[in-house]
Amino acid sequence: MVDTLIRQLFELKWFKDLKTNTVPRWIILLIDMLLVTCSYGIYIWSSLSSHTLSLFEIGLNLIIIVAVYGLVTYFTKSYTCVIRLSVIEDLYREFVVVVVSTIILMLLNLIWSGITHDVLFSYWGVVYVGVLAFAMLTIERLVIKYIYSRMTVTETQRRKVLVLGTSLDSLILANALKNEIGGKYEPVGLLSIKNGNDKSEINGFKVYKYNTDNLTDIFVGGGIHALIFDSSAIKLMRNGFADTFIEHNIALLAINKVEEFELDDERDSSNISTYIKEVQIEDLLGRDPIILNNTLVRSHIKDSVVLITGACGSIGSEIVRQVASYKAKKIVLVDQAETPMHDLSLEMKKEFPDANVVLFMGDVHNYARMEKAFKMFQPRFVFHAAAYKHVPMMELNPTEAVLTNVEGTKNIADLALKYGVYKFVMVSTDKAVNPSNIMGCTKRLAEIYCQSLFFDAQKLGKNTQFITTRFGNVLGSNGSVIPLFRKQIENGGPVTVTHRDIIRYFMTIPEACSLVLEAGCMGHGGEIYIFDMGQPVRIYDLATRMISLAGLRPNVDIKIEEIGLRPGEKLYEELLNDKENTLKTDNEKIMIAQVRKYDYLDVCNNIDNIIELAQSGNIHDMVKSMKQFVPEYKSMHSEYENIDHELEDGNKSDNYYFNPTAPVGK
């Protein structure tokens with residue numbers, strides 16, 4: 001009968017609204033104070049035979065008690081918890097309210113008795129009211145929790161999950177999920193990873209002891225869908241703990257810090273499931289946050305005019321966001337991509353409404369157009385991120401790689417010097433080290449030009465500092481392997497890898513851009529900064545983990561196919577070539593590469609020749625000149641390997657005919 005009444009009550013409109021909305025905080029505070037009033041009333045009623053208090057004294061005492069409890073409740077914020085979701089934390093707060101209020105009331109009693117030689121109320125009465133108030137506040141919360149738990153009975157079927165850990169945060173998370181209205185997950189227990197004796201149950205949740213041998217029995221045998229953990233466990237997951245679950249095809253779900261939904265006064269905590277996401281491969285490849293010298297960056301960027309080329313790309317757009325966060329005076333976005341520029345401008349208006357953002361369309365190898373930007377805006381900082389980056393595409397279009405990556409960089413660097421830019425920071429790549437493809441060699445040529453220009457400018461008394469930053473692949477960038485694999489998995493496979501043993505370094509986009517900013521600000525000119533990229537990742541293993549994270553079985557549900565190395569691709573990338581050494585900086589994640597210095601006039605002659613050949617479309621002689629000037633450039637899996645053989649032989653083969661339209665690598 002009780003259940004029937006509760007179900008009928010739930011049909012009322014305002015009860016239905018409570019499924020998606022929390023009760024206003026002032027109502028909770030009012031109810032708490034009414035319960036304190038009731039506690040005092042019960043005390044007075046139970047002690048009428050031993051006390052002869054007047055109505056005035058009873059009223060005065062009540063006002064004092066409610067005022068003290070109200071102030072303590074307000075300052076401890078105990079009324080701000082979402083009662084239907086909180087358990088231990090909320091009861092702890094109520095206990096604190098009662099204890100602190102009791103102590104304050106006793107102190108008031110002492111002070112009053114010292115002045116008037118009389119007491120406001122008995123000390124026993126203060127304790128009596130406190131015990132009653134705590135009991136009633138606890139019952140209030142348990143009743144509300146029971147009502148809401150009954151509301152979930154008719155909800156759609158939830159997926160069973162375990163919560164990682166047996167800490168207070170784990171219990172809060174488990175209870176929040178259990179009592180969520182319209183939730184997606186049903187926590188059936190806690191997974192303990194600590195040594196010691198198993199506990200059969202904590203707060204109504206069964207405790208499972210972690211063991212690699214019994215995971216299948218626990219999850220598959222128990223019909224448990226996934227393991228949920230909060231961000232405090234991400235380091236454990238990255239250190240290999242997640243691999244065991246991935247190998248057993250057990251889904252992993254992550255949620256932000258418990259405090260973010262449990263204790264936030266403003267956030268609607270009724271929809272905990274909205275803060276839970278499936279673990280992505282980027283979460284497991286990432287590393288502990290790098291400590292950055294934000295003070296250094298802010299002191300340079302704040303109130304400066306900053307020009308960013310390639311502003312709409314993965315790296316460029318993140319540099320734009322971070323520069324905006326450091327309160328740059330003006331941010332000039334330079335790019336030739338119209339739609340991405342429009343999209344980025346809308347994003348900036350929304351996320352950084354106070355930022356002074358200027359949109360400047362143009363191609364970096366159009367010198368006249370670029371000069372208008374420098375002349376008009378007089379930038380203090382230039383971050384040069386414009387480049388073609390896809391290795392196979394540039395093998396097919398080598399002249400465009402040279403015109404954008406080499407001539408474009410030369411244009412921007414020359415203009416930076418001409419217009420007195422304070423710092424010019426070029427974004428380079430690990431593919432510039434011992435390059436095996438056109439793209440990598442063009443980036444190395446750009447590095448060489450910027451360095452030689454700096455040292456030549458110093459001789460002329462120019463103060464522009466030219467700095468290069470070099471790093472590997474960034475997670476989730478446009479056209480990178482992770483978005484490709486994700487799309488292939490969504491389409492049912494196959495997932496294609498070029499070679500089973502190929503490895504790559506990875507870094508998150510925000511992390512890479514933060515290091516670019518810091519390296520650029522700490523540099524004095526002429527340096528090539530390299531970043532600590534962590535441990536390399538085998539791409540085949542990456543594909544396997546992504547398939548498993550999707551809840552599928554590698555080579556059973558989704559096939560993995562090797563398609564062979566692409567033109568210009570090598571098995572591994574280096575951050576330094578064999579002749580380079582490194583110097584430490586104040587940031588252990590940033591190092592300086594000690595590289596060979598080039599004569600500026602010699603560099604200009606060679607680069608001008610390469611650009612001229614690119615403009616004329618003479619691919620053979622252009623690539624040959626690139627190899628002669630950068631002798632460590634050796635093509636791999638490419639048509640241009642023939643030119644390597646030609647240079648080794650010392651003369652052009654009589655029967656060699658270069659066809660620029662022929663399939664590269666065949």
Side-chain angles (χ1 to χ4, degrees), residues 282 306-325 328 331-348 351-352 355 357-366 369-370 373 379 381-394 397 400-413 416 424-432 437-440 442-443 446-447 450 467-484 504-517 519-520 531:
E282 294 93 325
V306 181
L307 185 146
I308 302 164
T309 69
C312 299
S314 304
I315 297 296
S317 60
E318 179 61 24
I319 292 177
V320 170
R321 297 181 193 99
Q322 294 194 21
V323 165
S325 71
I331 309 172
V332 183
L333 279 54
V334 177
D335 208 298
Q336 63 173 338
E338 176 191 16
T339 300
M341 179 80 89
H342 176 261
D343 294 341
L344 181 58
S345 68
L346 293 178
E347 177 191 334
M348 294 301 293
E351 301 297 329
F352 301 94
V357 176
V358 178
L359 311 180
F360 191 88
M361 299 295 300
D363 196 320
V364 291
H365 71 71
N366 183 339
R369 179 62 178 165
M370 291 299 103
F381 282 86
V382 171
F383 290 94
H384 179 52
Y388 283 132
K389 66 177 183 177
H390 292 293
V391 169
M393 187 66 70
M394 293 305 101
N397 300 276
E400 288 305 304
V402 168
L403 294 176
T404 295
N405 295 359
V406 182
E407 185 183 19
T409 299
K410 182 177 183 297
N411 288 343
I412 301 300
F424 171 97
V425 184
M426 173 191 163
V427 175
S428 189
T429 170
D430 56 1
K431 294 174 177 62
N437 49 68
I438 292 288
M439 193 281 286
T442 59
K443 296 298 282 185
E447 289 182 354
C450 291
I467 298 157
T468 297
T469 58
R470 184 194 286 172
F471 52 89
N473 302 278
V474 288
L475 295 170
S477 62
N478 295 333
S480 65
V481 67
I482 291 177
L484 172 63
R504 290 292 181 266
Y505 293 93
F506 287 98
M507 179 178 281
T508 67
I509 294 175
E511 182 180 51
C513 294
S514 296
L515 290 172
V516 167
L517 289 176
F531 302 154

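Heavy atoms only: backbone and side chains are in, while hydrogens, waters and symmetry mates are out. Residues: numbered from 1 along the sequence shown.
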Test His365 against every option in Val402, Asn411, Ile412 by the side chain to side chain contact (heavy atoms under 4.5 Å, CB included) rule and name the one that passes. Asn411
side-chain contact (heavy atoms from CB on, under 4.5 Å) evaluation trace for Val357 with Leu359: CA-CA 7 Å; Val357 176; Leu359 311 180; 4.0 Å; yes
Is the backbone N or O of Met439 less than 3.5 Å from a side-chain atom of Lys389, with the two atoms forming a donor-acceptor pair by type? no
Reported CZ-to-CD1 distance for the pair Phe471 and Ile315, which is rounded to 0.5 angstrom: 4.0 Å
Is the backbone of Ala387 close enough, under 3.5 Å, to the side chain of Asn405 for a donor and an acceptor to pair up by distance? no
Return the CZ to CZ distance between Phe424 and Phe383, rounded to the nearest 0.5 Å. 11.0 Å
Write out all pairs satisfying side-chain hydrogen bond (donor to acceptor under 3.5 Å, both in side chains) with one or both partners inside residues 338-348, taking only residues at least two apart or from two chains. Arg321-Glu347
Could you go through the side-chain contact (heavy atoms from CB on, under 4.5 Å) check for Arg369 and Phe360 one step at a time? CA-CA 10 Å; Arg369 179 62 178 165; Phe360 191 88; 3.3 Å; yes
Thr468: what forms a side-chain hydrogen bond (donor to acceptor under 3.5 Å, both in side chains) with it, not counting sequence neighbours? none
What is the distance from atom OH of Tyr388 to atom CG of Asn397, rounded to the nearest 0.5 Å? 8.5 Å
Would you give the length of the straight line joining atom OG1 of Thr469 to atom CG of Leu517, rounded to the nearest 0.5 angstrom? 9.5 Å
Scanning both residues in full, the closest heavy-atom pair of Gly362 with Val334 reads O-CG1, 4.3 Å
Closest approach of Ile319 to Cys513 (non-hydrogen atoms, all atoms of both residues): CG1-SG, 3.8 Å
Are any side-chain N or O atoms of Asp335 and backbone N or O atoms of Cys312, one a donor and one an acceptor, separated by less than 3.5 Å? yes
Knowing that exactly one of Lys443, His384, Glu447 qualifies, which makes a side chain to side chain donor-acceptor pair (under 3.5 Å) with Ser428? Glu447
Donor-acceptor contact present, side-chain Asn437 to main-chain Gly440, <3.5 Å: yes
List for me each residue that meets side chain to side chain contact (heavy atoms under 4.5 Å, CB included) alongside Ala446, sequence neighbours excluded, and say none if there are none. Thr409, Met426
Mind checking the CD1-CD spacing from Ile509 to Gln322? Nearest 0.5 Å is all I need. 10.5 Å
With no hydrogens and no angle check, is any side-chain donor or acceptor of Thr309 less than 3.5 Å from a backbone partner on Ala386? yes
In Å and rounded to the nearest 0.5 Å, what is the CG to CD distance from Asn366 to Glu407? 9.5 Å
